[in-house]
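Heads up: the structure comes next, in structure tokens.
None of these values were measured; they are calculated from a predicted model.
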Amino acid sequence: MLRIFFATDIHGSEICWKKLIAAAAFYEASVLILGGDMTGKALVPIIAENDGTNVVDFQDNHHVLKSAADVERIQKLLTNKGYYPTRIDRKQFNDLAADPSALGSWSNGTFMKLMEERVKFWMSYADEKLKGSNVRCYVCPGNDDMFEIDKVISESASIRIAEGQIVDLEGHELISSGWSTPTPWKTFRECSEEELAKKISTMTDQLKNPERSIFNLHDPPKASGLDEAPELTEDLALKGGGKVTRAVGSVAVREAIQKVQPLVGLHGHIHESKGIAKIGRTVCINPGSVYEEGTLMGATVDLENGKLKRYSVTAG
Amino acid sequence: MRISNIPDCRSSLVEEKKLFLRDATGLLRAWSIYDSFVYSALSINVVSLGWYAFTYGAFLPGGNQITAVLVSGVFLFFEILTYTLLIAVMPRAGGDYVWQSRVLSGSIGFILSFTGYVFILWLWGPIYGVILSILVFTPIAAILGNVPAALWWSSSPGVFASSILTILIVSVFISLGMKRYARIQKWCFHIGLVGLVVTYIILAASSQSAFQSAFNSWTSQIFGSSGDSYTTMQTIATAGGFSGLAGLTDWNVVASFGLIPFIAFFNLYPVWGATLYGEVRGSNDFKRNLKALTTSLVFTSILAIIGFVLFANAFGWNFYNSANYVYWGTIYMYNPSTPALPFPIFPSPGLFAGILTGNVLVELFLIVTLSCFYWGWSGTLFITSTRVMFAASFDRIFPAKFADVNERLKSPINAIIAMAIPTAIFSYLYAYVSFGSTPFSTFTLDAVLVIAVMYLGTAITAAVLPYRRKDLYEASPIAGYKVGGIPLITIAGVITAFFMAWLTYEWGSQSVYGVNNPYSIIMMLILYIIAIVLYFGFKAYRKKQGFDMNKIYKQIPVE
């Protein structure tokens with residue numbers, strides 16, 4: 001029996017990455033798949049004040065850090081929540097806040113540097129933990145991940161980039177894509193439905209046993225119940241107190257699943273739309289994501305004799 | 001990287017949060033507090049729930065309803081605090097079920113939330129039905145002069161018909177989806193408020209003598225009652241045992257505590273939308289949620305208190321409570337020799353306000369606009385139930401079929417059926433069945449008790465969360481909120497748990513609430529037993545299929 005553990009959208013949360021690597025032993029899985037969106041969304045400045053203290057504002061709280069241990073604790077907390085803590089002095093912070101162009105240039109460079117550093121550390125962590133094991137781990141950068149991280153990942157000994165590849169998993173072909181259809185945020189790996197359909201068909205056309213395949217497609221199938229995102233106003237506020245949703249998944253993904261009918265569809269992208277849906281005979285799973293809490297949402301999928309034996313969702 | 005092209009919303013986030021954000025999916029402005037306020041205010045709306053609950057005050061003569069609303073409001077603030085703090089730590093669709101199962105245990109989470117959000121809603125169905133009958137259909141029929149129809153809607157077949165109609169309407173609301181339903185709710189809330197404001201203006205401009213005259217004239221015209229119906233109602237109440245109520249200026253704090261288990265029928269659920277929050281970015285905004293829900297509690301309490309003052313001013317406090325007393329008395333207490341009532345229908349303040357105008361169109365306008373509180377509120381009957389079923393089926397502890405959304409109808413048909421059929425059965429029991437001399441409808445407050453027990457479980461969850469799930473708590477936005485070194489969520493949870501436990505004790509120990517009855521207790525026990533059997537049955541079934549259910553909630557250890 002082949003057991004796959006799938007998780008997605010950890011957005012820079014270091015504890016979630018470590019849990020992903022540990023999930024192989026915990027859930028007795030021989031294949032780990034991270035569906036996409038590895039990198040975080042925000043820099044949190046830890047500001048050095050003139051009096052020797054450091055201050056940081058996040059989650060509606062103002063923290064005054066009096067000792068190096070305090071700084072270390074808050075850095076760990078931020079890192080586990082997917083943020084990028086960055087040390088900065090008060091003058092520099094005020095200068096940046098007052099100058100949007102300087103802010104843009106500084107934050108671009110800092111984001112890039114910290115993202116690369118974190119992904120690099122994650123790769124070395126995985127290399128160390130998975131060394132000597134039979135566990136295979138595939139990642140597929142998602143629409144929120146800048147392209148520069150692909151190079152960092154490709155240097156890992158234990159982690160493989162699955163984007164656009166057909167990977168053989170004991171007779172089950174895994175196809176993967178982290179691209180999504182356009183979002184209001186204009187992120188890195190977005191394309192039209194037509195382009196996404198082409199990316200998918202390029203892989204599905206090469207499948208030897210499509211009925212035994214596994215789709216790892218970041219964008220969930222349209223109107224599957226796995227793609228219900230909060231409806232937004234024009235200025236990106238939530239409508240109806242966050243309770244009003246609409247289907248934002250991909251038609252191309254849905255049509256590919258309907259046409260090929262793989263055993264399983266593994267999806268993410270819409271954190272709040274966790275669920276399990278069936279499209280024809282295909283079981284589609286979006287385990288959701290609550291990375292900021294440090295909990296790794298995931299799914300185990302057991303395959304045996306060319307069939308889907310069982311599946312379960314987890315919150316570890 | 002497009003930091004230099006940050007849209008306006010992100011620029012403002014930089015200022016508000018002192019964060020530097022890049023373009024990434026899901027970065028949003030906060031939602032409107034008003035939207036959350038509307039949902040919460042309808043969940044405890046003063047017309048559908050309040051005007052029904054307030055009528056029971058006549059059975060506890062020492063109490064003061066204003067005091068009861070204020071005192072319960074203080075405790076309910078802590079309930080709101082508990083829930084908003086929990087949402088800040090774990091914003092989850094399925095709310096109570098997820099929190100309890102992740103912090104206490106899977107079995108407790110399933111049993112308490114399935115009884116509180118699913119099974120007991122089967123009993124709420126006919127309660128919604130009776131409210132529709134007595135606050136909408138009966139008054140409309142009476143205003144139109146069709147007395148047999150008015151009486152029919154309040155009789156067993158009428159209540160059963162209203163209950164079935166409620167089931168159908170609620171099923172349609174769910175099929176429409178939250179987007180359309182939220183829009184309907186807003187319209188209903190605004191139209192209902194117009195009706196309520198007009199009602200209050202009419203009452204404020206009136207006097208008891210004017211009301212007495214209008215009431216006597218109306219009962220004569222509609223029901224053929226003769227003489228001074230206004231006085232007759234009070235005479236019948238006194239003869240039936242009504243001993244009068246304390247005045248609204250007599251605070252009677254201790255005695256008023258006895259009214260709180262009745263008042264809870266109306267105001268216990270400002271957090272009813274907690275199951276709907278989901279893992280939406282921004283949904284864990286503690287301060288916004290606290291503001292929205294607290295505003296709804298304060299707003300609704302103020303409306304209730306203004307109502308009491310106006311009822312006393314326009315109807316006379318003694319008359320209003322006498323009318324309530326005799327209405328329930330004819331159903332639950334009186335023997336057949338009880339004299340015929342000059343006003344034999346539910347004493348709706350909306351109808352009374354209409355009567356004061358002597359204008360049929362105004363009477364109808366008030367009943368129709370006020371009924372919008374009912375329409376806006378009614379969807380809450382099944383929506384939360386379906387969310388809890390979804391959450392449990394996602395955990396594989398409930399059949400996945402109940403989370404299926406029918407593609408053709410765009411609706412969770414199986415979940416709706418799972419609610420609709422038992423609700424129809426309970427509606428029949430409620431309308432027609434008695435156990436000896438005890439009508440099934442006497443168990444109305446069971447519907448509140450089972451929810452309070454679920455809230456008790458959630459309050460305990462909140463109280464222990466910082467200690468049992470330190471990882472979650474420390475990583476949450478509320479980790480810094482402490483009072484005297486004790487986490488605020490623990491303090492709020494303990495106070496809420498105390499309040500829920502006290503309510504449960506009162507319902508269970510005082511016969512006036514209609515709950516401490518062997519049949520009532522058996523009915524509730526059956527619901528808990530169904531939940532226990534379902535949980536452990538599914539757990540065993542999944543184990544047989546090769547699932548390790550214990551790992552579903554367990555944290556992955558990291559070296």
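- The candidate with the highest count of non-hydrogen atom pairs below 4.5 Å against chain A, out of B:Pro557, B:Ala475, B:Ser476, is B:Ala475.
- Atom NZ of residue A:Lys274 and atom CZ of residue B:Phe390 lie 12.5 Å apart, to the nearest 0.5 angstrom.
- With a 4.5 Å cut-off on non-hydrogen atoms, B:Gln545 touches chain A through its backbone but not through its side chain.
- B:Lys551 has its side chain within reach of A:Glu28: a pair of non-hydrogen atoms, C-beta onward, lies under 4.5 Å apart.
- Looking at A:Lys129, only its side chain comes within 4.5 Å of chain B, counting heavy atoms on both sides.
- Counting heavy atoms from C-beta on, the side chains of A:Glu14 and B:Val558 never come closer than 4.5 Å.
- Residues A:Glu272 and B:Arg92 are not in side-chain contact: their nearest non-hydrogen atoms beyond the backbone lie 4.5 Å or more apart.
- Looking only at side-chain heavy atoms (C-beta outward), B:Phe547 and A:Thr300 stay at 4.5 Å or farther from each other.
- Contact of the A:Thr314 side chain with the B:Lys554 side chain is not registered, since no non-hydrogen atoms from C-beta on lie closer than 4.5 Å.
- In plain terms, the two heavy atoms of B:Met90 and A:Glu293 that are nearest each other are CA-OE2, 3.5 Å.
- Qualifying side-chain hydrogen bond (donor to acceptor under 3.5 Å, both in side chains) partners for B:Ser296, counting only residues two or more places apart in sequence or in other chains: B:Ser40.
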Inset, instruction - Apply side chain to side chain contact (heavy atoms under 4.5 Å, CB included) to the pair B:Arg469 and A:Thr295, showing each step before the final yes or no. - result: CA-CA 11 Å; B:Arg469 290 300 305 274; A:Thr295 296; 4.2 Å; yes
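- Among residues two or more places apart in sequence or in another chain, the side chain to side chain contact (heavy atoms under 4.5 Å, CB included) test is passed with A:Lys113 by A:Glu117.
- Using a 4.5 Å cut-off between heavy atoms, B:Gln185 makes no contact with chain A at all.
- Looking at A:Ala23, the atoms closer than 4.5 Å to chain B (heavy atoms on both sides) sit in the backbone and in the side chain alike.
- For A:Ser312, the parts sitting under 4.5 Å from any heavy atom of chain B are the backbone and the side chain alike.
- Contacts of A:Tyr125 with chain B are made by side-chain atoms alone, with heavy-atom separations under 4.5 Å and no backbone atom involved.
- The structure places CZ of A:Arg310 at 11.0 Å from CZ of B:Arg542, a figure rounded to the nearest 0.5 Å.
- In this structure, CG in A:Leu77 is found 11.0 Å from CG in B:Asp471, a value given to the nearest 0.5 Å.
- Of the atoms belonging to A:Lys18, heavy atoms from both backbone and side chain fall under 4.5 Å from chain B.
- Taking every heavy atom of both residues into account, A:Phe26 and B:Ile556 meet most closely at CD2-CG1, 3.9 Å.
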